[in-house]
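Input: a single structure, listed below in structure tokens.
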Amino acid sequence: MAGRTSLPLTRVCTIMKSSSDVENVGKESTIIMAKAAELFIKKLVMDGYNTMRGGAGTNKTLQYQFLAEIVQSDDKYEFLRDMMPKKITVREYKKIMAKKNEENGVNKNGNSSDSSDSDSEDSSSSSSTSGDSVISVHSA
Amino acid sequence: MAEKLEDLNLPNASVQKIIKDALPESVNIGKDARSALSRAASVFVLYVTSQASKEAQKSHRKTLMGQDVLNALEELEFEEFLEPLQELHKSFQDSKKQGKNPKKKNASTDDVEMVEEIEDSAEENLEEEAAD
């Protein structure tokens, strides 16, 4: 077991060398990095898996959304946040935008009837607590 | 060096195997989740490499050493990986000490099974270290 890695060392070495601030990569650092990457994958998978079990419903498949959720909420995964945004449906997106427009007083679309008002408030206030960055990305 | 763009991704088969080992048997992984994990792992390697090179600069070295990677992981809040990796690191150092006297240049023939693939680049690095 000692040091056997499941990830190919050549590839790990190539990735490390592709970094602009590296001149030389020692071979033991490559081996340690390969092992670290393996531990990292396992860690992220298990964190995602635990998020999935914590939520409602009985899922048999670990979906992307659970990984995105843990990445967005755990600070040590901050470096992955841009790469793994939460996916939202077009309907949610429209609700968020409608809410935004209301706030700005620019209601050009005119698709916010009285009945949908309460809906959009609910959804956007709940999503804005957890997914601030996503909203700002889309509005930009 | 990286000739094709795919060379910067980790191979899907290996990543899939690691995921399978981690998850309970009854649980599957979605396609998009798997590719996201694979990309995340590549980014992780770059992220740690970048921090490790800062650690190397602190000690005025140009070559990344195992210890730099360990320091970087600690710095980036992945302390939980340290313990298993330190064992690995220690085993390298022990084998280095043992092999030092009989063969100076190939100090690490003990590790051959793992390092064959990167022998070429490793040799360059050994020379570099010797020069330092």
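As a basis for the values below, the full set of heavy atoms in this structure was taken, side chains included, without hydrogen atoms, waters or symmetry mates. Not measured: the values here are computed from a predicted model. Within every chain, numbering begins at 1; the chains are lettered A, B, ... in the order of the sequence lines, protein sequences first and strands thereafter.
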What verdict does the side-chain contact (heavy atoms from CB on, under 4.5 Å) test give for Val27(B) and Thr61(A), after you've listed the backbone C-alpha separation in whole Å, the side-chain angles of each residue and the deciding distance to 0.1 Å? CA-CA 6 Å; Val27(B) 180; Thr61(A) 304; over 6 Å; no

Given the options Ala13(B), Ala72(B), Ser35(B), Gly30(B), which has more heavy-atom pairs under 4.5 Å with chain A than any of the others? Gly30(B)

Determine which residues belonging to residues 49-56 of chain B lie within contact range of chain A, meaning some heavy atom pair is under 4.5 Å apart, and list them by number or answer 'none'. Thr49(B), Ser50(B), Ser53(B)

Closest heavy-atom contact between Ser26(B) and Lys60(A)? O-CD, 3.6 Å

Most heavy-atom pairs under 4.5 angstrom with chain A, which of Leu85(B), Leu70(B), Leu76(B)? Leu85(B)

Residue Ile15(A) versus chain B: region with a heavy atom under 4.5 Å: both

Do Leu7(A) and Ile18(B) come within less than 4.5 Å of each other through their side chains, counting heavy atoms only? yes

When rounded to the nearest 0.5 angstrom, what is the spacing between CG in Leu8(B) and OG in Ser19(A)? 11.0 Å

So, the part of Arg39(B) with a heavy atom under 4.5 Å from chain A: the answer is both

Worked verdict on Val45(A) versus Leu37(B) for side-chain contact (heavy atoms from CB on, under 4.5 Å): CA-CA 8 Å; Val45(A) 166; Leu37(B) 272 169; 3.3 Å; yes

Non-neighbouring partners of Asp32(B) that pass side-chain contact (heavy atoms from CB on, under 4.5 Å), sequence neighbours left out: Gln63(A), Tyr64(A), Lys87(A)

Is there side-chain contact between Leu62(A) and Ile19(B), with heavy atoms separated by less than 4.5 Å? no

Could you tell me if the side chain of Ser29(A) sits less than 4.5 Å from the side chain of Asp68(B), heavy atoms only? no

Within this structure, what is the CZ-NZ distance for the pair Phe78(B) and Lys43(A), rounded to the nearest 0.5 Å? 9.0 Å

Residues in side-chain contact (heavy atoms from CB on, under 4.5 Å) with Asn12(B), at least two apart? Ser38(B)

What are the two closest non-hydrogen atoms of Lys42(A) and Asp21(B), and how far apart are they? CE-CB, 4.4 Å

Compare every heavy atom of Met33(A) with every heavy atom of Val69(B), then report the nearest pair and how far apart it is. CG1-CE, 4.1 Å

What's the spacing between Ser20(A) OG and Leu46(B) CG if we round to 0.5 Å? 9.5 Å

Here the gap from Phe40(A) atom CZ to Glu80(B) atom CD, rounded to the nearest 0.5 Å, amounts to 10.5 Å

Contacting moiety of Leu73(B), where chain A heavy atoms sit under 4.5 Å: side chain

Quick check on Leu82(B) against chain A: is it the side chain, the backbone, both or neither that has a heavy atom closer than 4.5 Å? neither

What class does the angle between the rings of Phe79(A) and Tyr47(B) fall in, given that below 30° is parallel, 30 to 60° is tilted and above 60° is perpendicular? parallel

With a 4.5 angstrom heavy-atom cut-off, could you sort out which part of Val45(B) is near chain A: side chain, backbone, both or neither? both

Heavy atoms from other residues, nucleotides or ligands near NZ of Lys76(A) exceed 12 (cutoff 6.0 Å): yes

A side-chain contact here means heavy atoms from C-beta on lying under 4.5 Å apart; do Glu23(A) and Thr63(B) qualify? no

Met46(A): side-chain contact (heavy atoms from CB on, under 4.5 Å) partners, not counting sequence neighbours: Tyr49(A), Ala22(B), Leu23(B)

Residue Met16(A) versus chain B: region with a heavy atom under 4.5 Å: both

Rounded to the nearest 0.5 Å, what separates atom CD1 in Ile32(A) from atom CD in Gln86(B)? 9.0 Å

Sort Glu87(B) into side chain, backbone, both or neither according to what part of it lies under 4.5 angstrom from a heavy atom of chain A. neither

Taking side chain as C-beta onward, heavy atoms only, is Lys35(A) less than 4.5 Å from Pro84(B)? no

Can you say whether Ile41(A) sits under 4.5 Å from chain B via the side chain, the backbone, both, or neither, judging by heavy atoms? both

Starting at CG of Leu80(A), measure out to CZ of Phe44(B) and round the result to the nearest 0.5 Å. 9.5 Å

